[in-house]
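Keep in mind that the numbers below use all heavy atoms, side chains included, and drop hydrogens, waters and symmetry copies. In the text below, chain A, chain B and the rest are named by the order of the sequence lines, each starting its count at 1.
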Protein chains: 2
Amino acid sequence: MTRRPKVPGRSTIIDVAEEADVSRQTVSRVVANHPRVAPETRLRVKDAIEKLAYRPNRMARALVTRMSLTFGFATVDMQDLHFGDTCAGMQAAAREHGYYLVVTELDTNDNGGMGTLETLLTLGVDGVAIFPSLLDDKTLEQFAATSGCPVVVIGRESKIPNIVSIAMDETAAAELVVDHLVEGGKKRIGVLMNEMFPEVVHGRYVALQRAIEHHTGVESPPVEAGHPKIDEGRTAARVLLEKNPDIDAVVAFNDIMAMGTLLACGDLGLRVPRDIAVVGYDGIPFGAVANPPLTTIVQDSIGMADAAFMALLTCLKDGSPPDGEVLLWQPELLVRASTGLASPRT
Amino acid sequence: MTRRPKVPGRSTIIDVAEEADVSRQTVSRVVANHPRVAPETRLRVKDAIEKLAYRPNRMARALVTRMSLTFGFATVDMQDLHFGDTCAGMQAAAREHGYYLVVTELDTNDNGGMGTLETLLTLGVDGVAIFPSLLDDKTLEQFAATSGCPVVVIGRESKIPNIVSIAMDETAAAELVVDHLVEGGKKRIGVLMNEMFPEVVHGRYVALQRAIEHHTGVESPPVEAGHPKIDEGRTAARVLLEKNPDIDAVVAFNDIMAMGTLLACGDLGLRVPRDIAVVGYDGIPFGAVANPPLTTIVQDSIGMADAAFMALLTCLKDGSPPDGEVLLWQPELLVRASTGLASPRT
DNA sequence: CATTGTAGAGTGAACGTTCACATGGTGTCA
DNA sequence: TGACACCATGTGAACGTTCACTCTACAATG
């Protein structure tokens, strides 16, 4: 009766040991399912655990084992369905392997998200996945170098030392989109980009620009940027369309902005897809309910999430930090009504 | 040089102490911004921290202080935008008060979510918010009793010992919806419920049933249930409408299912709102882009999130467990085209 | 019978931190 | 000059675990 449970209701391994009249270590063995415990003892310990509602303290355990069996997942906007897919995928993969995923939203006001990442590390995670990051390559590289754990960045193609990058092949995606539009008879393609995530946007923009030049000969397509929300997308799209009345197709950074574009078209009396085609990226479920349903670039979020998890796990097992590997995923074009009739594709 | 950093790159308070030639405690004081440190020493320590990229180990700290400054937020579906709002709100509130929010998705296959909650506790969180929970009141009560930390349940009106409940006033919401429909001339109201979250659904259903009876005299309105996804909502809505051809209004459990209902109406050649009105709950942004834009019940997610956070914090400060308090929030009706013209409201 | 092996259980130390207290030095005031 | 206060800093213990040992009892072996 010498112990004083400062936090009532939370019992420790010693409480259980006393209750079952064994040592800490024996309780520890029972919890870990260690074979060298007499069946009768095991039963007594299990009863004590049940009786005291004992839950092992993961922090104390992590302190001595130097492994928390926990990964961190940091995203800029938890409400973005696109990230949600990947997050769910990672969570599933983690669970399957006995890991726990701690999800957090990056506070971009706190040093561009770095503050949140630092806090994530202090939590003792064994690895970190970031999707996407607003930080530039150099900052990320330095973060990874001093983090003391493997780091994976999703959604950005750039090759960064100490980091595994997992991204969609933007060149292939742009090719799919532009080829589809041109085959559908569109000639003057406008681009609606995202004013956030400069690193991600840059890759996507450059890829689109190249594909457009390749397919239509136009060197710098009309472009406008806005916040990745429906209303802001609508506003930006209206500007784009008013500045460039000859546009007959808009490629938007994501489905959200594409839906804003649909509204903007309505505002200006343009009919989709007859007067103008609209394409988005991500393949969020709402795209199917848009008016008209949205043609979009789909990526295998679950596959990418799995790969992200396995990359972290592999680095941990090997004990070697990532070395700037880039895993590229092939996109698919999901053709719906916003770009007219489906065109035959190989 | 006696220390061996088993995890290279992660340095401890002792490394910093040696580097700055002071004791652990002095480093600790600098980190905690304690006033009693000589300016010159403080500087030296800060340099050492910077140089070694030292990050205090939150787990070790929590072990001795018995406070992790961390709350857990558990949700059934992270992709549900409605939960996302609340989650973001809690995260903001947490940050403001120096707390960190660990977000996790409940694995309903693992003992109905209880497994995930247990793991959350082993992480050492100081409090838990659940939104929503699939667990029944009794299980929740027992969980809270043995958790050793305050527990808040969001989105359910039930009064549970040891728990603070934060919920929307379902009776008021149902009244708003039904009154609006009836004022718009609708007479035969169907209900589309969610086959998940039985506890939440029950409250909402009963409230709607009462309001419908009160306003139209119909005792048990036609009802169908489905999964809270667009496609499943569409299917269930179609069944509802085919079984009850005289329905002139559908109240759906949430906006997602309401959007499914819009599609079902399209399938059956019904025009919204002329032939049939549709109402949802939650006020997700996509509702505004639906065709037609969706009338919906809006709740103050941020306010509820703040309240949830403050409830946890207060319990912690007072050291008293929650005692079955229920905080009720007033809903608002956001009238859009899916129910016809806006009717004047007080 | 002495030796060896082994199953079952226990013990001290360590993980990285903070708390409560101790220490030594400097300044102030009677 | 002594008494005291106070400032800057250091030390041992503790938080709840697990690891690497050690210990005891008993069975098997020669």
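The nearest whole Å value for the distance from the CE atom in A/Met59 to the C1' atom in D/dT18 is 16 Å. Between the CE atom of B/Met67 and the C1' atom of D/dC15 there is a distance of 14 Å, given to the nearest Å. The distance from atom OH of A/Tyr54 to atom C1' of D/dT17 is 7 Å, rounded to the nearest whole Å. Following rounding to the nearest Å, B/Leu63 (CG) and C/dT17 (C1') show an atom-to-atom distance of 8 Å. As a whole-Å value, the separation of A/Arg10 CZ from D/dG16 P is 10 Å. Straight-line distance from the CG atom of A/Leu69 to the P atom of D/dT17: 15 Å, rounded to whole Å. Residue B/Asp15 contributes atom CG, which lies 10 Å from atom C1' of C/dG16 at whole-angstrom precision. The distance from atom CZ of A/Arg61 to atom C1' of D/dC15 is 16 Å, rounded to the nearest whole Å.
For A/Ala60, the listed nucleotide lying nearest its side chain is D/dT17; candidates were D/dC15, C/dG16, D/dT17.
Shown for residues 22-45 of chain A: residues whose heavy atoms fall under 4.0 angstrom of DNA chain D, namely A/Arg24, A/Gln25, A/Ser28.
Contact annotation: the side chain of A/Tyr99 never approaches that of A/Leu312 to less than 4.5 Å [non-hydrogen atoms, C-beta and beyond].
Among pairs with a residue in residues 34-48 of chain A, none fulfils side-chain hydrogen bond (donor to acceptor under 3.5 Å, both in side chains), at least two apart in sequence or across chains. Sorted by first and then second residue, the pairs that involve residues 119-153 of chain A and meet ring-ring contact (aromatic ring centres under 6.0 Å, His included), not counting sequence neighbours, are A/His82-A/Phe131, A/Phe83-A/Phe131.
For A/Ala53, the side chain to side chain contact (heavy atoms under 4.5 Å, CB included) partners at least two apart in sequence or on another chain are B/Thr146. With sequence neighbours left out, B/Glu118 forms a side chain to side chain donor-acceptor pair (under 3.5 Å) with A/Arg55. Partners of B/His97 by ring pair (Phe, Tyr, Trp, His ring centres under 6.0 Å), not counting sequence neighbours, listed by chain and number: B/Phe309. Considering only residues two or more places apart in sequence or on other chains, B/Thr116 meets the side chain to side chain contact (heavy atoms under 4.5 Å, CB included) condition with A/Arg95, A/Tyr100, B/Thr104, B/Leu106, B/Asp107.
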Tell me which donor-acceptor pairs under 3.5 Å the side chains of residues 149-167 of chain A have, and how far apart each pair is, sequence neighbours excluded?
unit_1, atom_1, unit_2, atom_2, d
A/Arg156, NH1, A/Leu135, O, 3.3
A/Arg156, NH1, A/Asp137, OD1, 2.6
A/Arg156, NH2, A/Ser133, O, 3.0
A/Arg156, NH2, A/Leu135, O, 2.8
A/Glu157, OE2, A/Glu170, N, 3.0
A/Ser158, OG, A/Asp137, OD1, 3.4
A/Ser158, OG, A/Asp137, OD2, 3.3
A/Lys159, NZ, A/Gly324, O, 3.3
A/Asn162, ND2, A/Glu141, O, 3.4
A/Ser165, OG, A/Ser158, O, 2.8

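By the neighbour-count criterion of 12 heavy atoms within 6.0 Å, atom CD of A/Gln25 is densely surrounded, having more than that number from other residues, nucleotides or ligands.
For the helix from C/dC1-D/dG30 to C/dA30-D/dT1, the rotation axes defined at the first and last 5 base pairs enclose an angle of 60°, given to the nearest 10°.
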